[in-house]
Every structure is written in structure tokens, then in C-alpha cells.
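From a predicted model like this one, the values you see are computed outputs, not experimental measurements. Numbers restart at 1 for each chain; the letters A, B, ... are given by sequence-line order, proteins then strands.
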Amino acid sequence: MDSARTRLNDESSGVETSRSASETRPPITLIILTILTIAATAFGLYMGFVRAGTDIDQGNIQRIFYIHMPSFFGAMLAFGAAVVGGIMYLRTRKLKWDTLSLAGVEIGIALALVNLVTGAIWARPIWNTWWNWDPRLTADAIMILTYAAYLMLRSGIDNAETRRRFASVYGILAFVSVLLVFIIPRIIPTTIHPIVIGPVFTSSEMAQGGFELQASAGVGAALGINFIIWALLIPVTLLWYRIRLQTLATDVEALRAQVLES
Amino acid sequence: MKTFLILLVILLAAFPAFAQDPEATAEPLTLYSHPTERYHIVIPPGWRDFSTPTYMLMEGGIMVRVFARSTRTPEVAVALAESLSMFLPGSDIAPDATETLILPNGTWTRVLYPSLEGGALTAYVQSYEGVHYVLMFMSATGARPLVVPLEDARADGALADAARAAVTLIASDVTLNDTAGDSIEVLGQAYTPFTARDGTLTAWTRIVGSSGYVLVTMNGEAPDDAAFFTILLDFFLTPETTDYLALGVVAVVVVIGALLLSLIVRARNLRKDMATLREIERTT
């Protein structure tokens with residue numbers, strides 16, 4: 001048993017197995033981070049849904065923006081982690097980087113879905129449609145499908161090393177779709193999607209549903225707080241849990257192989 | 001990894017600094033917003049606001065006043081009567097004529113009252129989700145803001161047609177000159193005058209969409225009261241979109257909840273697998 005654990009603690013793979021990291025209770029840092037994230041999310045919702053003033057043009061649906069926009073940047077952070085994981089895996093071949101990459105894609109897809117669905121619900125009363133094939137919206141949908149294909153690619157390759165290598169390359173290239181979503185409304189003058197914050201290179205006269213951060217009291221503060229929560233705290237916390245889960249899965253897989261060998 | 005995270009945190013923290021300059025899109029007109037009734041009215045430059053929690057009242061100079069309020073009475077006629085008693089206490093007049101008009105900011109009922117000693121009174125009522133929003137325009141010069149639908153708003157004689165149609169509403173026996181006077185600009189909008197042959201009134205016209213907007217003034221007065229149209233056209237309601245917000249929150253809970261549930265279930269299954277494998281390992 002001990003020798004098996006020694007074998008599992010293979011430096012080349014970077015797997016930290018045994019009963020330690022993945023099986024035991026989460027570390028105190030993660031517990032504190034989880035409590036902080038939950039409390040901050042509740043506070044952020046209070047700031048956005050109660051404290052911030054109501055937008056006079058859009059009504060209460062504008063408040064969904066406090067989740068909609070930051071969740072995209074949360075997805076961007078997670079997909080960015082997948083890029084870092086991919087690059088580092090290709091350089092070092094350590095399993096922990098592939099784990100980061102996989103976790104980043106999975107969490108990124110969830111947050112991108114939050115962004116997409118809240119956007120569609122916002123669009124219904126403001127644009128009078130759930131969806132249109134605007135360049136920004138289309139790019140967003142393509143981004144999610146691109147990353148969904150990453151998961152399909154992983155599950156379609158049996159050889160572990162090949163799977164990790166292909167997934168690393170794919171994860172790096174797929175980030176182009178994220179950049180496109182960010183850049184498109186800033187350079188295409190015909191998009192209906194408004195830009196509330198961030199640099200604008202070409203303003204679109206067709207943009208509908210924008211608002212000013214100073215439009216009413218508390219809007220800027222609510223956005224700032226929710227930005228930190230949805231673009232930082234939530235993705236980092238979820239990434240950490242997903243990495244622990246993947247580490248546990250790797251441990252189980254390795255132990256299964258040992259049992260079969262013995 | 002740590003360096004990467006630190007760089008991302010710095011980048012994300014700096015992102016709100018890119019917020020657009022609020023002055024770039026600032027609205028120059030003053031806006032009155034009712035604290036609870038969700039309606040908003042532009043206050044033209046130079047007008048004074050005398051609003052109370054019950055109604056909105058503003059005056060331009062000493063000649064014109066605008067009154068606005070919302071009411072939940074079932075009948076439009078009752079809403080008008082209530083509003084009239086608040087706006088002009090003691091006056092008991094019945095409308096001469098009403099007409100339904102579709103304007104860019106909603107469907108309105110235009111109500112023409114007979115001329116009063118103090119001037120001319122014209123009302124517009126919009127009903128939305130069981131609430132009547134009443135706008136009353138009172139002008140000591142006798143000016144009335146009138147909107148008339150046009151068959152072809154882009155035709156050459158559209159302005160004259162609009163002027164004739166408007167004048168017919170309030171003085172059917174008056175004939176306008178065929179020739180238009182020199183246009184003047186009021187609040188950024190050009191108005192073209194058509195004067196009555198007997199000189200009793202002037203119709204100041206402009207076209208918006210498929211309608212003619214005609215301010216009929218008495219004795220050829222300049223159309224300072226054209227601010228009425230700015231007030232009428234810029235009136236808007238904050239839409240009731242709370243249900244969509246609730247739907248959005250539910251969607252977020254479902255997506256994040258599904259992810260969390262998936263993480264929990266997968267972790268539990270893996271722990272079971274691990275325990276089973278350890279048991280097998282021990283027995284073998």
C-alpha cells in the first residue's frame with residue numbers, strides 16, 4: 001500500500017495523491033475563501049438589487065447587468081487559466097497544469113452560460129427579442145460551443161498523454177474566441193450590443209440598452225463590487241474546487257490501475 | 001501560477017477605470033421623475049418646477065403651465081375630471097372633443113376643452129397597465145399643441161395639410177393662407193407658420209414621422225409654447241421589468257446550482273470509488 005502511494009506520488013506527473021489533498025477536508029484557506037465568496041455574493045446582490053438606483057429607461061431588468069457583465073470576465077479569467085495551464089503543460093508535461101486547464105474550461109463554460117442566459121433575458125424587454133444574430137451575440141455563442149468541443153475532444157481521445165497534449169493546444173487556440181467576443185462590439189459599428197465600460201474604438205449608433213454608471217445612485221459601487229465577486233472570487237473558488245475534484249479523479253484512476261495490476 | 005493570478009487580479013481591478021466619461025453622453029435637459037409612479041417628464045430650459053408628491057406642475061414664464069399626474073381610476077373621464085379639479089380648482093368644464101393618437105411614445109387620447117377665460121386647455125392621456133397618465137397644457141395665449149396624422153408626411157404640401165387639419169379641429173370656419181411664412185427654431189426644432197386670412201391665429205407646423213405637429217397660437221404669437229411638444233414627445237414611463245429580473249436570477253441559480261451539484265455528486269462518487277478500491281487493495 002505504501003509503495004503504491006509512493007508510485008502515485010510521481011513527480012513527473014505532478015500528482016499529489018495518497019489520502020492527503022483531494023480526499024481530506026478542504027484546506028482552511030479554501031474554506032475561508034468559500035465563506036468569503038458566499039458572503040460577498042449576498043452582499044453584491046444586495047448592492048445591485050436593493051441599494052443601486054433603478055434605471056429609468058430599462059426598469060429593474062437593468063440590475064441583471066451586475067451579474068451579466070462580470071460573469072463574462074469571470075469566464076475570461078477561467079479560460080485564461082486554461083491557456084496558462086495549456087502552455088505550462090506543453091512545456092513541463094506536469095499533470096497539474098492539464099488539471100488547471102480542464103478546470104478552467106469547465107468553470108469558464110458555466111460562467112459564460114450565465115453571461116449568455118442573463119443577456120438573453122435582459123434582451124427580451126429591452127430589444128424585444130430573446131436573441132438575434134448580432135456579431136457580439138453570435139461570437140459569444142461560438143465561444144461557448146468552441147469550449148464545449150474542448151470537453152468533447154478530451155472525452156474522445158483514449159490515450160491520456162495524447163489527450164492532454166491535444167487539449168492543451170486546443171485550449172490555447174480557443175482563447176481567440178474569447179478575445180473576439182471582447183473586441184467585436186468595440187470595433188464593429190453595426191452591433192446592437194451596448195458597451196458600458198471598457199475602451200471603445202468605434203462607437204455603434206445601433207447600440208441599444210446602454211446606461212451610464214452615474215445614471216443613479218449606487219450603480220458604480222454595485223458594479224465594482226459585483227465585478228470583484230463574479231470576475232474574481234467566484235471563478236477562483238470554483239476553480240479551486242474543480243481542481244480538487246480532478247485531482248481526486250486522477251488519484252482514483254491511478255489507484256484503479258494499481259489494483260488491476262496487482 | 002501565482003504571478004499569473006496576481007497579474008490577472010491587477011488587470012481586473014484596473015478594468016473599471018476604463019469607464020466611459022459620463023459627460024460624453026450627458027443629457028442636457030432637466031428631467032422630472034415621479035418618485036413612485038414611474039413617469040418622467042422633461043423640464044424645458046427656463047421653466048420652473050412646482051411639483052408636489054401628488055402631481056407635477058411646471059410653468060414657462062407666466063403664460064404657460066403643464067400639469068401631469070397618474071391615477072388608477074377605471075375611467076379616463078374620471079381621471080380627467082380629477083386632474084382638472086386639481087389643476088384648475090373650481091372650473092367645471094366638459095371636453096369638446098377627444099381623439100386617439102398613436103405617437104412614438106405610446107397611444108394617447110387627446111382631449112380638447114373649450115376656451116377658458118385664462119386661455120386654452122388641451123389634455124393628453126395615456127393609459128398603461130391600469131394607470132392613466134394625464135398631461136394638461138394650459139396657455140394664456142390660447143396656444144394648443146395638436147398632433148394630426150398625415151396620409152403622406154413626405155409630400156410637398158404636408159405641412160399645409162397638417163396646419164389645415166389642426167385648425168379645423170378648433171376653428172372650422174377659419175381659412176389659412178396658402179403660403180407659409182418664414183420658419184423659426186424653437187428648442188432645436190424648426191416650425192413653419194401658416195397664418196389665417198383674417199389674422200386671428202397662426203398654425204406653427206413641423207413633421208415628426210407620419211404626423212404633423214401643429215401648435216395653433218392666437219394673434220400670430222411666436223410659438224414659445226412649442227415646448228409643449230418637447231414635453232409631450234419626451235414623456236416616458238419606466239417599464240415594469242421586475243419579472244424578467246426574477247427570471248434572470250432563477251437562470252443564474254440554475255446554471256451555478258447545476259455546476260455545484262455536478263461537483264458535489266462527482267466528488268461523492270469518486271470518494272466511494274476510492275473507498276471501494278482501497279478495500280479491494282486491502283483484501284488482495
Best-contacting candidate, A:I109, A:L113, A:V114, A:I107, against chain B by heavy atom pairs under 4.5 angstrom: A:V114
Options A:I234, A:N60, A:I56, A:L238, ranked by heavy-atom pairs under 4.5 Å with chain B, top entry: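 Counting heavy-atom pairs under 4.5 Å, the top option is A:I56.
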How many angstroms lie between [atom1] in [X] and [atom2] in [Y], if you round to the nearest 0.5 Å?
{"X": "A:L248", "Y": "B:R266", "atom1": "CG", "atom2": "CZ", "value": "11.0 Å"}
{"X": "B:E240", "Y": "A:I61", "atom1": "CD", "atom2": "CD1", "value": "11.0 Å"}
{"X": "A:R63", "Y": "B:T242", "atom1": "CZ", "atom2": "OG1", "value": "8.5 Å"}
{"X": "B:E281", "Y": "A:R256", "atom1": "CD", "atom2": "CZ", "value": "13.0 Å"}
{"X": "B:T241", "Y": "A:I126", "atom1": "OG1", "atom2": "CD1", "value": "6.0 Å"}

B:D49 atom CG: more than 12 heavy-atom contacts under 6.0 Å: yes
Atom CD of B:E75 with >12 non-hydrogen neighbours under 6.0 angstrom: no
In the structure I gave you, are the side-chain heavy atoms of [X] and [Y] within less than 4.5 Å of one another anywhere?
{"X": "A:W230", "Y": "B:V252", "value": "yes"}
{"X": "B:L245", "Y": "A:F49", "value": "yes"}
{"X": "A:R242", "Y": "B:L263", "value": "yes"}
{"X": "A:V117", "Y": "B:V254", "value": "no"}

Pick one of side chain, backbone, both or neither for [X], based on which atoms fall under 4.5 Å of a heavy atom in chain B.
{"X": "A:I67", "answer": "side chain"}
{"X": "A:V252", "answer": "both"}
{"X": "A:L111", "answer": "side chain"}

A:D57/B:T238 under side chain to side chain contact (heavy atoms under 4.5 Å, CB included): CA gap, chis, key distance, verdict: CA-CA 5 Å; A:D57 290 321; B:T238 296; over 6 Å; no
Pairs of heavy atoms under 4.5 Å with chain A: top-ranked of B:N269, B:L270, B:V255: B:L270
Proximity breakdown for B:F236 and chain A, heavy-atom pairs closer than 4.5 Å: side chain
Contacting moiety of B:L277, where chain A heavy atoms sit under 4.5 Å: both
Side chain to side chain contact (heavy atoms under 4.5 Å, CB included) between B:L260 and A:Y241, intermediate numbers included: CA-CA 9 Å; B:L260 292 175; A:Y241 278 108; over 6 Å; no
